[in-house]
Amino acid sequence: QIRAEQMVKDANFTPAYDVIVGRALSSLVSFVRMATELLAKEGLIIVFKGEVDQKEIDALRSIKNYSLTLEIYKLPSIELKRSMLILRKS
């Protein structure tokens, strides 16, 4: 088993993942920047998180060659807002 952080540092790694999923992240932007290096040519990143602030959204939208979709939803049992972010290579 290998962590994503280790794969990014491996000079012999070839980006190959079609989908990367993350959840409960402290640094959304750091995770996404790392994940972009692991994606296959037309891959996508799906992230589940609590509320996302505008600063994080703006930072994600500034990543070149990716489009961002943001979905806000509520879990039926706890009535708190949750976010699902999808970044696609464009």
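The chain is numbered in sequence order, starting from 1.
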K49 side chain near L28 side chain, heavy-atom distance below 4.5 Å
yes
Please check if the number of heavy atoms outside R82 that lie under 6.0 Å from its CZ is greater than 12.
yes
Separation of F48 CZ from E71 CD (nearest 0.5 Å):
10.5 Å
To the nearest 0.5 angstrom, please state how far the CG atom of L44 sits from the CG atom of L39.
7.5 Å
Are Y66 and V19 joined in one hydrophobic group, where the rule is that I, L, V, M, F, W and Y side chains link up if heavy atoms are under 4.5 Å apart?
no
What is the minimum heavy-atom distance between V52 and L85, and which atoms define it?
CG2-CD1, 3.8 Å
Minimal non-hydrogen separation, I20 against F31, with atom names:
CG2-CZ, 3.8 Å
With side chains defined as the heavy atoms from C-beta onward, is the minimum distance between V47 and R23 less than 4.5 Å?
no
Please examine the side chains of L70 and I57, heavy atoms only from C-beta on, and report whether any two atoms are closer than 4.5 Å.
yes
Nearest-0.5 Å distance that lies between atom CG in L68 and atom CG in L87
5.0 Å
Before you tell me yes or no, could you show the steps for M84 and Y73 under side chain to side chain contact (heavy atoms under 4.5 Å, CB included), namely the whole-Å CA-CA distance, both residues' side-chain angles and the distance that decides it to 0.1 Å?
CA-CA 8 Å; M84 179 175 67; Y73 62 96; 4.1 Å; yes
Under 6.0 Å from the CD atom of E42, do we count more than 12 heavy atoms belonging to anything else shown?
no
In this structure, are over 12 heavy atoms from other groups packed under 6.0 Å from K89 atom NZ?
yes
Using modelled atom types only, decide if a donor and an acceptor are shared between the side chain of S83 and the backbone of I72 within a distance under 3.5 Å.
no
Please check if V29 and L38 belong to a single hydrophobic cluster, counting links between Ile, Leu, Val, Met, Phe, Trp and Tyr side chain heavy atoms closer than 4.5 Å.
yes
Might you work through the side chain to side chain contact (heavy atoms under 4.5 Å, CB included) test for L80 and L75, ending with a clear yes or no?
CA-CA 6 Å; L80 292 175; L75 295 175; over 6 Å; no
Run the numbers on L60 and V32 for side chain to side chain contact (heavy atoms under 4.5 Å, CB included), then give the verdict.
CA-CA 8 Å; L60 292 175; V32 168; 3.8 Å; yes
State whether the side chain of S30 and the backbone N or O of S27 hold a donor-acceptor pair below 3.5 Å, judged by distance alone.
no
Using the side-chain contact (heavy atoms from CB on, under 4.5 Å) criterion, which residues pair with D53? Sequence neighbours excluded.
K55, E56
